[in-house]
Amino acid sequence: MVQITLPDGSQKQFPRPVTVAEVAADIGPGLAKATLAGEVDGRLVDTSYAIADDARLRIITGRDEEGLDLIRHSTAHLMAQAVKRLFPETQVTIGPVIENGFYYDFARDEPFRPEDLEAIEAEMAKIVAEDHPVSREVMERDEAVEFFRDMGEEYKARIIADIPADETLSLYRQGDFIDLCRGPHIPSTGKLGAFKLTKLAGAYWRGDSNNEMLQRIYGTAWADKKDLKAYLQRLEEAEKRDHRRLGKQLELFRFQDDAPGAVFWHPRGWTLFRQLIDYMRQRQDEAGYVEVNTPDVMDRSLWETSGHWQNYHEHMFTTQTEDQRVFALKPMNCPGSVSIYKQGLKSYRDLPVRMAEFGKVHRYEPSGALHGLMRVRHFTQDDAHIYCTEEQMEEECRKVIELNLSVYRDFGFDDVRLKFADRPENRIGDDATWDKLESALKGAIDAMGLDYTYNPGEGAFYGPKIEFVLRDTIGRDWQCGTLQVDLNLPERFDATYRTADGGERRPVMLHRALFGSLERFTGILIEHYAGNFPLWLAPVQLVVMNITDAQADYAQAVCHELRQRGFRTESDLRNEKIGYKIRARTLEKIPYLLIVGDREMEQGTVAVRLRDGTDLGSMPLDVLGQRLAREVAQRRAIGDN
RNA sequence: GCCCACGUAGCUCAGGCGGUAGAGCACUCCCUUGGUAAGGGAGAGGUCACUGGUUCGAGUCCAGUCGUGGGCACCA
């Protein structure tokens, strides 16, 4: 007698061992059809798995998270089968599930062409229609190595060879295709169908750039066509808010072939950029920072002192002058900062020194890494270096974290995750010092009652760090801020301060950034807001437009007055119908459109329309001014967005 | 840096089997002075990324370079 307990607590008895499929069929034919796998006592198994003893069983369908993963995993196998049919000389390697889909890496001399994807998809559909049952077989490791080697699947053999000898391996067979796999899998290829192959890519064998490159095919797969369609639509939506597209459309910035990885900021983009700096400056002033500015180009010897010349050389832009002196463009602001700290004697009474710099740094990033504003070679950091005593460190860390989170909130990033990275294998400084630094950083997070994830061994060689990850409105994560403790530079530059008893000590040096790269943060904001910037950030806040030439002077006077009041205002006096101007300015995503006709001119008012189409009616400038001031002050938009 | 794709007017894109370029929007001018998402007409605008090759002749074929996009690797 086998007793099966289902998730709802109900129980079923069977006279002899029973498979997951049989239990499902016993419950109902609809469920039997939808069943993809089972979870027996917490372990995922195939539907053909025979349950011999009393157990708890959960039936897995496409509606479960595990079921969706199964579908994706099995679709990867399906694709591999199709590829082997069409291109028999191809070797299969690995094909894991990833977010929203899967990929499979293949080894073959000829790379796949984009048009191959269609043929593969068609072949996949055929295999689905053939509805091959998927069956599991077991093999000893050495036997399996032999088996795949005989088939000419060298990569599979290599994968298996790395598996411990005593482990039994499972293979899954579907029609003419067999693959090494831990499983479980869906019961037959007919269960699949809602998939699409999305992209081709090269990928290094075992993720190592020293190895040969394989051909990777990415795909997405879902429980049904409806979900697939919804996913493809989400992709389209995301594309619409792509900062590169909006950057052009809204005339914010531009890239040019002569300056790869460098931004040409157009007036509107630069206005946005300036808002960020102005805002940050204000927040830093309030938080007790001083601001400095250090040279962009400094002699090689300084970079030797800092260690960058030895450790970071391949990422640095260098330049040589007529007199043969070698200079480097700064890839980081810290050496300049320490240089300023070192000027004159510092007393413990001077600490903490919080020294901010909006420094533009230059890093020679690999060409393949460049990506719009998100990864550039020349960018501005909202950098700061805090010099303090060990005793002050935890408090300073706490203040940095507080400031960061408060700043992020002003941009509507309420969901911020912290990642804590501690000592790596390769590091400087003794363990006692690392203990102190790590506990200070962690102590600051704990004192604030914040959650964080832990990245063991991921700290910098010179100190532990905290990373701040923002989640935007469409659920994507962006690592922006960092807080790092630095043991290295104070030592290398011999930075000190005078203690109360007349001795000398080394200050602790904290590096911190909130936005990280202002270029990148601007890009994130563009996508986060989909170009609909809240009033305080909008490059152009208002456009005044006349209905006919008769109100041109009045419109200009209104525009002038609003500028006097500090609002970024433009006028549109073109000889066009009002509908045309409204459409044009709405597409530019201007938050406020002010329309003036004879009525408004006579009454001394403006008709106000928001970019989402809301008509606020006519009002005097004073009333509008108050509304605008309130909206700017609270930073989040009223009404739309 | 590596793999694949792409690079035509300011923007978005057309240009079957090679015969020195086209549309829409934007721009300029003219008509129109019109109350909440495109009024009409005319005009101007391109060394088809760059370099070299094949050819009587090359956006169109080939090679290289640069750049962009999607991945991989990288992001101390």
Side-chain angles (χ1 to χ4, degrees), chain A residues 98 103 105-106 108 110-117 198-218 239 242 244-245 248-251 254-261 266 306-308 310-316 331-332 363-372 374-377 424 426-427 458-463 465 467 479 482 484 486 488 516-517 520 545-552 573-588 593-600 607-618:
Chain A
I98 53 172
Y103 66 79
D105 284 347
F106 300 98
R108 71 193 286 257
E110 280 284 292
F112 292 109
R113 328 225 118 240
E115 51 271 25
D116 293 338
L117 291 190
T198 50
K199 48 200 170 194
L200 277 175
Y204 298 108
W205 164 242
R206 295 199 156 139
D208 185 337
S209 57
N210 295 316
N211 290 341
E212 65 274 29
M213 188 159 266
L214 307 173
Q215 303 296 321
R216 176 173 296 179
I217 302 178
Y218 283 91
E239 222 167 277
D242 188 301
R244 291 164 301 190
R245 182 187 171 122
K248 260 190 232 172
Q249 219 168 292
L250 304 180
E251 289 245 34
R254 192 65 57 135
F255 288 94
Q256 216 166 289
D257 288 1
D258 337 72
H266 286 27
S306 71
H308 286 87
Q310 299 85 326
N311 297 316
Y312 202 68
H313 190 253
E314 79 231 39
H315 294 290
M316 286 162 79
M332 292 180 200
R363 300 180 183 177
Y364 185 74
E365 301 285 354
S367 57
L370 303 180
H371 178 91
M374 302 307 191
R375 191 88 180 265
V376 289
R377 285 180 174 156
N426 276 327
R427 60 179 184 265
E458 290 292 307
F461 74 93
Y462 50 77
K465 64 179 172 188
E467 292 176 343
Q479 199 236 292
T482 56
Q484 315 190 6
D486 185 356
N488 187 41
S517 147
R520 187 171 130 91
M545 43 189 79
N546 57 339
I547 299 216
T548 71
D549 290 346
Q551 308 91 32
L573 308 177
R574 289 179 297 175
N575 175 15
E576 296 288 354
K577 293 195 174 180
I578 197 66
Y580 179 91
K581 295 189 202 180
I582 286 172
R583 176 178 151 81
R585 301 303 177 168
T586 302
L587 290 175
E588 288 174 28
L593 302 185
L594 308 182
I595 291 108
V596 296
D598 285 337
R599 268 203 309 278
E600 285 74 22
V608 182
R609 179 186 162 113
L610 302 181
R611 82 185 134 200
D612 66 359
T614 309
D615 184 358
L616 295 182
S618 292

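Reckoned from all heavy atoms, side chains included, excluding hydrogens, waters and symmetry mates. Treat the numbers as computed from the prediction; the structure is a model and nothing was measured.
The distance from atom NZ of A:Lys248 to atom CZ of A:Arg254, rounded to the nearest 0.5 Å, is 6.5 Å. In this structure, NZ in A:Lys581 is found 10.0 Å from CD1 in A:Ile595, a value given to the nearest 0.5 Å. Taken to the nearest 0.5 Å, the CE atom of A:Met213 stands 8.5 Å off from the CD atom of A:Gln215.
Residue contacts for A:Gly307: at a heavy-atom cut-off of 4.0 Å it reaches no nucleic acid atom on any strand shown. Here A:Gly613 lies out of heavy-atom contact (under 4.0 Å) with every strand. Nucleic acid contact class of A:Asn210 (heavy atoms, under 4.0 Å, all strands): none. Contacts of A:Gly597 with the nucleic acid, taken as non-hydrogen atoms under 4.0 Å apart, include base atoms. Among the atoms of the strands shown, base atoms are found under 4.0 Å from some heavy atom of A:Ala607. Residue A:Tyr218 is classed as a sugar-phosphate contact, given heavy-atom separations below 4.0 Å to backbone atoms only. Base contact: A:Glu600 has a heavy atom under 4.0 Å from a base atom.
Between the P atom of B:G35 and the CG atom of A:Leu594 lies a distance of 19 Å, rounded to the nearest Å. Between the C1' atom of B:A37 and the NZ atom of A:Lys581 lies a distance of 14 Å, rounded to the nearest Å. Between the C1' atom of B:C2 and the CG atom of A:Leu370 lies a distance of 15 Å, rounded to the nearest Å. In this structure, the NZ atom of A:Lys199 is 14 Å from the P atom of B:G69, given to the nearest Å. The distance from atom CD of A:Glu467 to atom C1' of B:C75 is 11 Å, rounded to the nearest whole Å. With rounding to whole Å, A:Met545 atom CE is found 9 Å from B:U36 atom C1'. If you take CD of A:Glu365 and P of B:A73, they are 16 Å apart, rounded to a whole angstrom. Going from atom CZ of A:Arg377 over to atom P of B:U68 covers 8 Å, rounded to whole Å.
In the set B:G67, B:U33, B:U36, B:G67 carries the atom at the smallest distance from any side-chain atom of A:Pro260.
A:Thr482 is linked by a side chain to side chain donor-acceptor pair (under 3.5 Å) to nothing, counting only residues two or more places apart in sequence or in another chain. Judged as a salt bridge (charged side-chain N to carboxylate O under 4.0 Å, His left out), and not counting sequence neighbours, the contacts of A:Asp242 are A:Arg244. With sequence neighbours excluded, the residues that form a salt bridge (charged side-chain N to carboxylate O under 4.0 Å, His left out) with A:Arg108 are A:Glu89. Applying the side chain to side chain donor-acceptor pair (under 3.5 Å) criterion to A:Gln551, with sequence neighbours excluded, gives A:Thr548, A:Asp598. The ring pair (Phe, Tyr, Trp, His ring centres under 6.0 Å) test applied to A:Tyr204 returns no partner, not counting sequence neighbours. Take A:Ala584 and apply the side-chain contact (heavy atoms from CB on, under 4.5 Å) test, not counting sequence neighbours, and it matches A:Arg574. Annotation: side chain to side chain donor-acceptor pair (under 3.5 Å) contacts of A:Arg113 (sequence neighbours excluded): none.
Side-chain contact between A:Ile578 and A:Met545 is present, with heavy atoms from C-beta onward closer than 4.5 Å. Two residues are said to be in side-chain contact when any heavy atoms from C-beta on lie closer than 4.5 Å; A:Arg377 and A:Arg363 fail this criterion. Residues A:Val376 and A:Leu370 form no side-chain contact, since every pair of their non-hydrogen atoms from C-beta on lies 4.5 Å or further apart. With contacts defined as side-chain heavy-atom distances shorter than 4.5 Å, the pair A:Leu200/A:Ile217 qualifies.
Taken together, the paired segments of RNA chain B that extend over three or more consecutive Watson-Crick or G-U pairs, each closer than 3.5 Å at both contacts, are B:1-7 with B:66-72, B:10-13 with B:22-25, B:27-31 with B:39-43, B:49-53 with B:61-65.
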Distances under 3.5 Å between nitrogen or oxygen atoms of protein and nucleotides 9-16 of chain B:
from  : atom 1 : to       : atom 2 : distance (Å)
B:U12 : OP1    : A:Lys248 : NZ     : 3.0

Give every pair of a protein N or O atom and an N or O atom of nucleotides 25-28 of chain B that lie under 3.5 Å apart, one pair per line with the distance.
from  : atom 1 : to       : atom 2 : distance (Å)
B:A26 : OP1    : A:Tyr580 : OH     : 2.7
B:C27 : OP1    : A:Arg574 : NH1    : 3.3

Hey, what are the protein-to-nucleotides 3-5 of chain B N/O distances that come in under 3.5 Å?
from : atom 1 : to       : atom 2 : distance (Å)
B:C3 : O2     : A:Gly202 : N      : 3.3
B:A5 : OP1    : A:Arg113 : NH1    : 2.7

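The main-chain N or O of A:Gly307 is found under 3.5 Å from a side-chain atom of A:Asn311 such that the two form a donor-acceptor pair. Listed for the A:Arg216 side chain is no donor-acceptor partner under 3.5 Å among the backbone atoms of A:Ala201.
The side chain of A:Tyr204 places no N or O atom within less than 4.0 Å of a non-bridging phosphate oxygen (OP1 or OP2) of B:G71. Close to B:G34, at under 4.0 Å from its OP1 or OP2, lies no side-chain N or O of A:Thr548. Close to B:G39, at under 4.0 Å from its OP1 or OP2, lies no side-chain N or O of A:Lys577. Of the side-chain N and O atoms in A:Arg244, one or more sit less than 4.0 angstrom from OP1 or OP2 of B:G69. Proximity of A:His371 to the phosphate of B:G70: a side-chain N or O atom is located under 4.0 Å from OP1 or OP2.
Taking 3.5 Å as the limit, the base of B:C72 and the side chain of A:Arg206 contain no donor-acceptor pair of atoms between them. In this model, a side-chain donor or acceptor of A:Arg609 finds a partner on the base of B:A37 within 3.5 Å. Checked by distance alone, A:Asp615 brings no side-chain donor or acceptor within 3.5 Å of a matching partner on the base of B:U36.
A perpendicular orientation is assigned to the rings of A:Tyr312 and A:His308, their planes being inclined by more than 60° (bins at 30° and 60°).
Within a 6.0 Å radius of CD in A:Glu110, other residues, nucleotides and ligands contribute 12 heavy atoms or fewer.
Distance noted for atom C1' between B:U47 and B:U8: 13 Å (whole Å).
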Item to check | Contact state string [nucleotides 47-52 of chain B, B base, S sugar-phosphate only, - no protein heavy atom under 4.0 Å] | outcome: ------
